[in-house]
There are 2 protein chains.
Amino acid sequence: MSSTHTYSKKSQSLTKNQRIVLDLLQNSGEPLKAYFILDSLKKEGLNSPLQVYRALDKLVELGKIHKIESINSFIICNNSNCASNTAFTICERCGKVKEIKNKYLTDGVSDLVKDNQLEITRYNLEFYVLCKSCKIN
Amino acid sequence: MSSTHTYSKKSQSLTKNQRIVLDLLQNSGEPLKAYFILDSLKKEGLNSPLQVYRALDKLVELGKIHKIESINSFIICNNSNCASNTAFTICERCGKVKEIKNKYLTDGVSDLVKDNQLEITRYNLEFYVLCKSCKIN
DNA sequence: CTCTAAGTGTTATATTATTACGTACGTAAT
DNA sequence: ATTACGTACGTAATAATATAACACTTAGAG
């Protein structure tokens with residue numbers, strides 16, 4: 001028999017602010033900066049940096065987005081279940097960022113580090129590259 | 001034939017500001033923040049953030065120090081020849097940072113990434129860990 | 001000596017992020 | 001139904017991090 005409740009738990013769903021920030025990042029697909037997000041969502045009712053940062057913090061915690069530390073930007077997560085371990089390439093010339101999905105890579109890194117007798121709780125890998133189109137032109 | 005010039009390049013020696021910033025990081029061994037460095041070196045004649053950032057930028061470029069992006073801090077380089085590729089562990093509990101020197105790790109990462117058909121120009125890896133003493137206590 | 005690249009010193013300002021405080025609201029225990 | 005609690009919200013103020021612009025100086029190559 002199913003629950004008599006017809007509504008889902010609050011903890012399963014995002015709040016309005018979290019939702020609109022996530023949607024923006026989702027639609028963009030690119031890394032966005034906090035204050036850009038703020039400007040973009042002024043019309044949705046976001047008025048202060050803190051509202052943005054709180055939403056971003058929560059979304060990072062949930063693994064729905066990632067922070068790219070070296071450019072102070074946030075990007076939608078392309079994978080599933082990578083709340084703690086992330087890897088990106090960033091083109092040095094055009095700035096394009098991609099999340100590295102290759103399981104071989106991330107597993108391999110984990111193994112290498114484990115061999116080094118470290119207890120890893122999470123990691124963030126940022127590879128600066130020359131992307132294909134920038135390599136050509 | 002080789003050049004007839006006997007270079008004693010300027011690039012071999014650091015300027016005063018670069019020197020005192022490097023010395024501070026060397027003596028500290030810990031990651032330091034730019035404004036902490038500024039405060040610490042007021043007595044040596046550093047008066048503005050820009051003086052610190054310029055010295056830091058140059059030292060990073062020379063590979064003598066590294067920036068740890070996720071904590072906006074700078075640390076003396078423990079290796080040699082790692083201007084472009086760096087890897088750190090950061091303890092989640094006590095904040096202690098160590099540069100990973102294990103050649104096996106960095107070579108391994110390079111290989112993994114090459115297999116992934118990326119042309120890497122440099123990378124920065126930040127592993128959050130529980131360090132030995134924090135694991136015990 | 002002269003030219004040039006790199007560095008300096010200073011002021012002002014831009015960018016990124018957090019503290020502090022009070023309010024609102026959903027959930028679970030009483 | 002009332003209370004207590006945890007989480008999120010809104011707002012103002014401010015802290016922390018980093019760069020722009022400008023004029024001047026210095027070191028080294030030629």
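Every chain is numbered from 1, with letters handed out A, B, ... down the list of sequences. None of these values were measured; they are calculated from a predicted model.
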Pair B/Lys16 + B/Glu44: basic N to acidic O under 4.0 Å: no

Heavy atoms of other groups near B/Lys132 NZ, more than 12 under 6.0 Å: no

Residue B/Arg54, side-chain heavy atoms: nucleotide from D/dT17, D/dA21, C/dT18 that is nearest: D/dA21

Atom OH of B/Tyr128 with >12 non-hydrogen neighbours under 6.0 angstrom: yes

Sugar-phosphate only, base, or nothing, as touched by B/Thr15 at under 4.0 Å among non-hydrogen atoms: sugar-phosphate

Integer-rounded Å distance: C/dA6 C1' and B/Asp57 CG: 14 Å

Among D/dA8, C/dG9, C/dT16, the one nearest A/Asn72 by side-chain distance: C/dT16

Phosphate-side-chain proximity, A/Asn17 and D/dA8, N/O vs OP1/OP2 below 4.0 Å: no

Nearest-neighbour nucleotide for the B/Gln18 side chain, D/dT19, C/dG7, C/dT16 considered: C/dG7

Pair B/Val52-B/Leu41, side-chain contact (heavy atoms from CB on, under 4.5 Å): steps then yes or no: CA-CA 9 Å; B/Val52 174; B/Leu41 297 178; over 6 Å; no

Identified pairing partner of C/dT30, criterion: Watson-Crick or G-U wobble below 3.5 Å: D/dA1

Separation of atom OH in B/Tyr53 from atom P in C/dT8, rounded to whole Å: 17 Å

Nucleotide nearest B/Leu50 when distance is taken to its side chain, options D/dA20, C/dA17, D/dA18: D/dA20

Centroid under 5.5 Å and tilt under 30°, A/Tyr35 to C/dT15: no

C/dT8 phosphate, OP1 or OP2, under 4.0 Å from B/Lys16 side-chain N/O: no

Sidechain N-carboxylate O distance under 4.0 Å for A/Lys96, A/Glu30: no

A/Asn47 side chain near D/dC9 phosphate (N/O to OP1/OP2, under 4.0 Å): no

Spacing between B/Leu32 atom CG and D/dA18 atom P, to the nearest angstrom: 13 Å

B/Glu44 CD to C/dT8 P, straight-line distance once rounded to whole Å: 14 Å

Nearest-Å distance for atom pair CG/P, residues B/Asp39 and D/dA16: 10 Å

Flag for A/Glu69-A/Asn124: side-chain donor and acceptor within less than 3.5 Å: no

Among D/dA8, D/dG10, C/dT16, the nucleotide that comes nearest once only the side chain of A/Gln51 is considered: D/dG10

Distance, rounded to the nearest Å, where A/Leu14 contributes CG and C/dG26 contributes C1': 16 Å

Short side-chain N/O contact from B/Lys58 to OP1 or OP2 of C/dA6, under 4.0 Å: no

Closest-nucleotide ordering on DNA chain D, the 5'-leading residue of A/Pro49 and B/Phe36: A/Pro49

Separation of C/dG7 C1' from B/Arg19 CZ (nearest whole Å): 16 Å

A/Lys33 side chain near D/dA18 phosphate (N/O to OP1/OP2, under 4.0 Å): no

Options C/dT18, D/dA18, C/dT11, nucleotide nearest the side-chain atoms of B/Ala34: D/dA18

Rounded distance in Å - CG (B/Leu38) to P (D/dA18): 13 Å

